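Please read all numbers here as calculations on a predicted model, not as lab measurements.
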Amino acid sequence: MQLKIVNPLVFFDLETTGINISKDRIVEISILKILSNGKEESKTRRINPEMPIPADATKIHGITDEDVKDCPTFKAIAKSLAALIEGCDLAGFNSNRFDIPLLAEEFLRAGVDIDLNRRKFVDVQTIYHKMEQRTLAAAYKFYCNKDLDNAHSAEGDTKATYEVLMAQLDRYPDLQNDIKYLSEFSSFTNNVDFAGRMIYNSKKEEVINFGKYKGRLVTEVLSSDPSYYTWVMNGDFALNTKKILTEIRLRGIQGKSN
């Protein structure tokens with residue numbers, strides 16, 4: 001089976017210093033780009049995270065400070081990486097909850113303006129969990145009848161994720177071979193920002209999704225409590241969350257001036 005796509009589809013996986021989206025950094029990224037004609041392009045790079053790699057993280061992916069000391073920083077490759085995925089939809093395993101939010105943070109820290117919100121995201125883990133409730137290694141064994149010997153290497157996980165999606169399309173007749181459908185099917189949330197601090201309600205209005213203002217419209221909170229914006233901007237929130245909140249705030253100011 002050939003994947004039916006309009007835009008190129010980029011499968012990717014990150015190995016990182018940890019799981020804190022706001023603080024942790026990428027140490028390896030692997031990309032498998034599928035073109036509309038079925039051609040595949042792959043690239044794997046290690047990255048100097050500019051911070052020590054914790055021992056617990058090294059136990060998972062096997063990458064040490066010594067391995068990346070001479071590698072480029074994310075900022076050094078950010079523009080070329082943005083160009084590589086320009087106009088592409090994105091796919092991964094648990095990517096909606098972790099890889100995409102962290103990648104967005106790295107781009108923002110590097111000062112590279114790339115609008116990931118306009119892309120379609122296919123999370124193969126979500127499809128798997130909705131259908132079978134397992135892990136990537138188990139998914140690979142279940143769908144492809146293969147053992148994932150190099151689990152937790154970015155390249156191995158990326159290729160396995162692509163193979164699992166293709167096997168899922170073969171196995172489930174109701175699963176449409178269409179990126180828009182797969183993107184919607186593999187989404188558990190209706191997030192405004194990648195971290196899910198703000199979500200859309202049934203009217204497609206942005207509402208706060210945490211704390212004392214949970215469930216209230218973002219515009220109402222910004223209007224009734226102007227200090228809330230300053231609190232978020234000075235707090236330990238993801239850069240993407242701050243960026244989106246600023247856009248909503250500016251939209252409100254512009255609306256009042258018109």
Side-chain angles (χ1 to χ4, degrees), residues 14 16-27 29 47-54 56-57 73-76 78-79 81-82 85 90 92 94-121 123 126 183-184 186-258:
L14 307 177
T16 66
T17 59
I19 59 174
N20 187 313
I21 293 169
S22 299
K23 296 179 180 179
D24 281 306
R25 301 291 189 269
I26 298 171
V27 298
I29 181 169
I47 297 170
N48 186 332
E50 301 181 274
M51 65 177 287
I53 301 175
D56 287 345
T73 64
F74 187 88
K75 186 173 184 178
K79 289 184 178 179
L81 178 59
I85 66 175
L90 302 175
N94 194 34
S95 49
N96 284 358
R97 296 182 179 183
F98 180 71
D99 299 82
I100 288 171
L102 183 56
L103 183 63
E105 286 297 289
E106 290 279 34
F107 276 124
L108 287 169
R109 280 191 286 262
V112 174
D113 186 15
I114 177 170
D115 189 0
L116 293 178
N117 288 291
R118 300 179 64 181
R119 314 300 175 86
K120 296 182 184 69
F121 305 133
D123 193 327
T126 303
S183 175
E184 293 173 351
S186 62
S187 176
F188 269 126
T189 65
N190 201 17
N191 292 352
V192 175
D193 62 318
F194 290 128
R197 297 290 189 169
M198 295 170 283
I199 60 175
Y200 291 107
N201 63 16
S202 59
K203 298 179 181 179
K204 300 301 288 185
E205 300 167 318
E206 300 101 341
V207 300
I208 303 295
N209 194 37
F210 72 102
K212 64 179 181 180
Y213 291 131
K214 184 174 182 178
R216 288 189 58 183
L217 293 175
V218 176
T219 52
E220 290 180 356
V221 173
L222 292 176
S223 177
S224 63
D225 184 2
S227 65
Y228 183 80
Y229 174 77
T230 302
W231 175 72
V232 171
M233 298 307 288
N234 291 332
D236 185 22
F237 293 93
L239 294 177
N240 175 256
T241 300
K242 296 178 180 180
K243 179 176 181 287
I244 298 298
L245 185 64
T246 298
E247 291 173 355
I248 296 172
R249 180 172 179 266
L250 291 175
R251 189 181 68 204
I253 293 173
Q254 292 168 357
K256 290 178 180 180
S257 63
N258 292 336

Going by side chain to side chain donor-acceptor pair (under 3.5 Å), name the residues that satisfy it together with Glu247, two or more places apart in sequence or in a different chain. Lys243
Step by step, work out the side-chain contact (heavy atoms from CB on, under 4.5 Å) result for Phe194 and Leu116. CA-CA 10 Å; Phe194 290 128; Leu116 293 178; 3.7 Å; yes
For Ser22, side chain to side chain contact (heavy atoms under 4.5 Å, CB included) partners two or more places apart: Asn20, Asp236, Ala238
Between Ser186 and Phe121, the two heavy atoms sitting closest are OG-O, 3.6 Å
Restricting to non-hydrogen atoms, name the atom on Ile26 and the atom on Pro49 that form the minimum distance, rounded to 0.1 Å. O-CB, 3.9 Å
Are the side chains of Met198 and Asn191 in touch, meaning some heavy atoms are under 4.5 Å apart? no
The criterion is side chain to side chain donor-acceptor pair (under 3.5 Å); which residues satisfy it with Asn48, sequence neighbours excluded? none
Output all residues satisfying salt bridge (Lys or Arg N to Asp or Glu O under 4.0 Å) with Arg249, sequence neighbours left out; order by chain, then residue number. none
Donor-acceptor pair, distance only, cut-off 3.5 Å: does the side chain of Arg97 make one with the backbone of Ala195? no
Looking only at atom types and distance, does a side-chain atom of Arg25 sit under 3.5 Å from a main-chain N or O of Lys23, one as donor and one as acceptor? yes
Closest heavy-atom contact between Leu102 and Asp24? CD1-O, 3.4 Å
Answer yes or no: is there a side-chain heavy-atom contact under 4.5 Å between Leu222 and Leu245? yes
Taking Asp123 for the side chain and Asn96 for the main chain, is one N or O donor matched with an acceptor at less than 3.5 Å? yes
Hey, could you give me each pair passing salt bridge (charged side-chain N to carboxylate O under 4.0 Å, His left out) that has a residue in residues 193-202? Not counting sequence neighbours. none
List the residues meeting side chain to side chain donor-acceptor pair (under 3.5 Å) with Asn94, not counting sequence neighbours, and say none if there are none. none
Is the side chain of Lys242 donor-acceptor paired with the backbone N or O of Gly235 at a distance under 3.5 Å, no angle test? yes
In chain order, what residues pass the side chain to side chain contact (heavy atoms under 4.5 Å, CB included) check against Leu239, with sequence neighbours excluded? Glu105, Leu108, Arg109
Taken in chain and number order and not counting sequence neighbours, the residues that satisfy side chain to side chain contact (heavy atoms under 4.5 Å, CB included) with Ser224 are Arg216
Check: Thr16 and Phe98 side chains under 4.5 Å, non-hydrogen atoms: yes
Side-chain heavy-atom pair Asp99, Leu14 within 4.5 angstrom cut-off: yes
Show your reasoning for whether side-chain contact (heavy atoms from CB on, under 4.5 Å) applies to Leu103 and Leu81. CA-CA 11 Å; Leu103 183 63; Leu81 178 59; 4.2 Å; yes
Pair up each side-chain donor or acceptor in residues 225-233 with any protein partner under 3.5 Å, not counting sequence neighbours, and list the distances.
{"residue": "Asp225", "atom": "OD1", "partner": "Ser227", "partner atom": "N", "Å": "3.4"}
{"residue": "Asp225", "atom": "OD1", "partner": "Ser227", "partner atom": "OG", "Å": "2.5"}
{"residue": "Asp225", "atom": "OD2", "partner": "Tyr213", "partner atom": "OH", "Å": "2.8"}
{"residue": "Tyr229", "atom": "OH", "partner": "Thr246", "partner atom": "OG1", "Å": "2.8"}

Return each pair, listed once, that meets side-chain hydrogen bond (donor to acceptor under 3.5 Å, both in side chains) where at least one residue sits in residues 199-209; pairs must be two or more places apart or across chains. Asn201-Glu205, Glu206-Arg251
CD1 of Ile21 to CD of Glu106: how many Å apart, nearest 0.5 Å? 11.5 Å
Partners meeting side chain to side chain donor-acceptor pair (under 3.5 Å) with Ser183 (sequence neighbours left out): none
Ala57: what forms a side chain to side chain contact (heavy atoms under 4.5 Å, CB included) with it, not counting sequence neighbours? Ile53, Pro54, His61
Is the backbone N or O of Ile199 less than 3.5 Å from a side-chain atom of Asn190, with the two atoms forming a donor-acceptor pair by type? no
